[in-house]
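Chain A is the first sequence line, chain B the second, and so forth, proteins listed ahead of strands; every chain is numbered from 1.
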Protein chains: 2
Amino acid sequence: MAHAKVEHDVVIDKLMETFRSSGYDGASMAALAEATQLKKASLYHRFPQGKEQMAHAVLGYVAEWAKSRIENVLFSANAPEERLETALKAIDELYDGGRLDCILRALSHGSSANTFQKEIAAIFQTWLNAFKHLAMDFGHGEEEANKLANELTIKIQGTLILQRSLGQPSMFKEMLREMQEKFMHISH
Amino acid sequence: MAHAKVEHDVVIDKLMETFRSSGYDGASMAALAEATQLKKASLYHRFPQGKEQMAHAVLGYVAEWAKSRIENVLFSANAPEERLETALKAIDELYDGGRLDCILRALSHGSSANTFQKEIAAIFQTWLNAFKHLAMDFGHGEEEANKLANELTIKIQGTLILQRSLGQPSMFKEMLREMQEKFMHISH
DNA sequence: TTACAGGTACCGAACGATCGGTAAAGTCAA
DNA sequence: TTGACTTTACCGATCGTTCGGTACCTGTAA
């Protein structure tokens, strides 16, 4: 690398930060440039197809994150309790305890909705399958495991919205704790 | 009539439609004008403070809707089962079975987040209090009633996101049915 | 009936600012 | 000196907003 003053990973991270807090439409090139410490033209050098390519790059990073921090963890050979603990801790970090928006939600509305829909659906599906697999390792039946994975994912999204709207910073962590118990408890 | 007046209610409805599907930043004046069948200058005649005032007007309508279709229903003198049924049917209509976004969520992100936060929080609170009240009428304790109201609200938001992202049109209605049973069933 | 006044609703045209995007010159390591 | 990378300067389009003005309704007085 000859001249890379700003590392690629840092750029992606700052782009994600801007997209997730402003949304696709709200994240202007000027804002993305300021966040990454690059001039607009430099951003276009790295992402010739512009804003859309930047969002794709961010989604690629998120997909990779989901594979390494969720899928790989939940499909590993460790004890189910440990796998769950590790994955939920990663989720708590990802959203900074519920203080940060979900990038998938941010990119799935407004003018970018159709563009990224398939990519976003795939990530959600990876996520759901991984938690379903874990639930079955805990001894839940397939249908129950499906429900649990769905419930966790839905509650993450819903809680993020409600916590931010109501300004109650403890909702997210409490919800994660409750879902943790729900995964570990076999009901019948 | 050469200048057919466009009814205020219709304008509000079309504004809401545009804001909820495009978000605040994504809803351009051009789009709002096209949706309402009014020219941009005419919109400014009705809403002199511009886009922000339009969003406030929409939120005012939503607050009114929540009072008449949720609060008034859930605090009425009818049987709890009937109140619940009526309110959930209204919610199902509001979101067209999960096909439409939530206007509160649409306005609580991006550049409009801070502007409307208090107004949005108040509407959520009305909603939560009404369902808590109903849950207690079903015989749930206060803490349990709070949890149920929270769970319903969170699941509505989360399910809307997941249903749209995954393209599974039945999730929302199923979720409403499950929550209906959960309200009616006293666990201890 | 006519005539004019005031008010309401609407619209074409344009404003400065910002949008996403580009060309070409400058910078620096190999 | 090449070539990857950054920068300055700029583009047309669109942004939210404003202005000047037209069309129509209602009320009042001749």
Measure from [atom1] on [X] to [atom2] on [N] and round the result to the nearest Å.
X	N	atom1	atom2	answer
Glu34(B)	dT14(D)	CD	P	13 Å
Glu7(A)	dA4(D)	CD	C1'	15 Å
Gln53(B)	dT17(D)	CD	C1'	13 Å
Met29(A)	dT14(D)	CE	C1'	16 Å
Leu32(B)	dT14(D)	CG	P	17 Å
Leu43(B)	dA13(C)	CG	P	18 Å

Is the count of non-hydrogen atoms from other residues, nucleotides or ligands lying under 6.0 Å from Lys182(B) atom NZ greater than 12?
yes
Within a reach of under 6.0 Å around CD of Gln37(B), are more than 12 heavy atoms found that belong to other residues, nucleotides or ligands?
no
If you look at every strand shown and take non-hydrogen atoms under 4.0 Å, does [X] touch a base, only sugar-phosphate, or nothing?
X	result
Ser42(B)	base
Ala33(A)	nothing
Ala27(B)	sugar-phosphate

Ranking Ala41(A) and Ser28(A) by the position along DNA chain C of their nearest nucleotide, the one closer to 5' is Ser28(A)
For [N], take OP1 and OP2 only and decide whether either is under 4.0 Å from a side-chain N or O of [X].
X	N	result
Arg46(A)	dA4(D)	no
His45(B)	dA9(C)	yes
Tyr44(A)	dT22(C)	no

Heavy-atom nearest nucleotide on DNA chain D taken for Gly50(B) and for Lys40(A); more 5' hit belongs to Lys40(A)
Contacts of Leu38(A) and Asp25(B) projected onto DNA chain D by closest heavy atom; the upstream (5') one is Leu38(A)
Polar pair under 3.5 Å, donor/acceptor by atom type, side chain Lys39(B), base dG12(C): no
I'd like to know if Lys51(B) reaches the base of dT17(D) with its side chain, counting only an N/O donor and acceptor under 3.5 Å. no
field: Check: Phe116(A) ring centre within less than 6.0 Å of His56(A) ring centre
entry: yes
Quiz item: So, for Tyr24(B) and His109(B), is the gap between ring centers shorter than 6.0 Å?
Solution: no
Rounded to the nearest 0.5 angstrom, the CE-CZ distance for Met16(A) and Arg20(A) is 5.0 Å
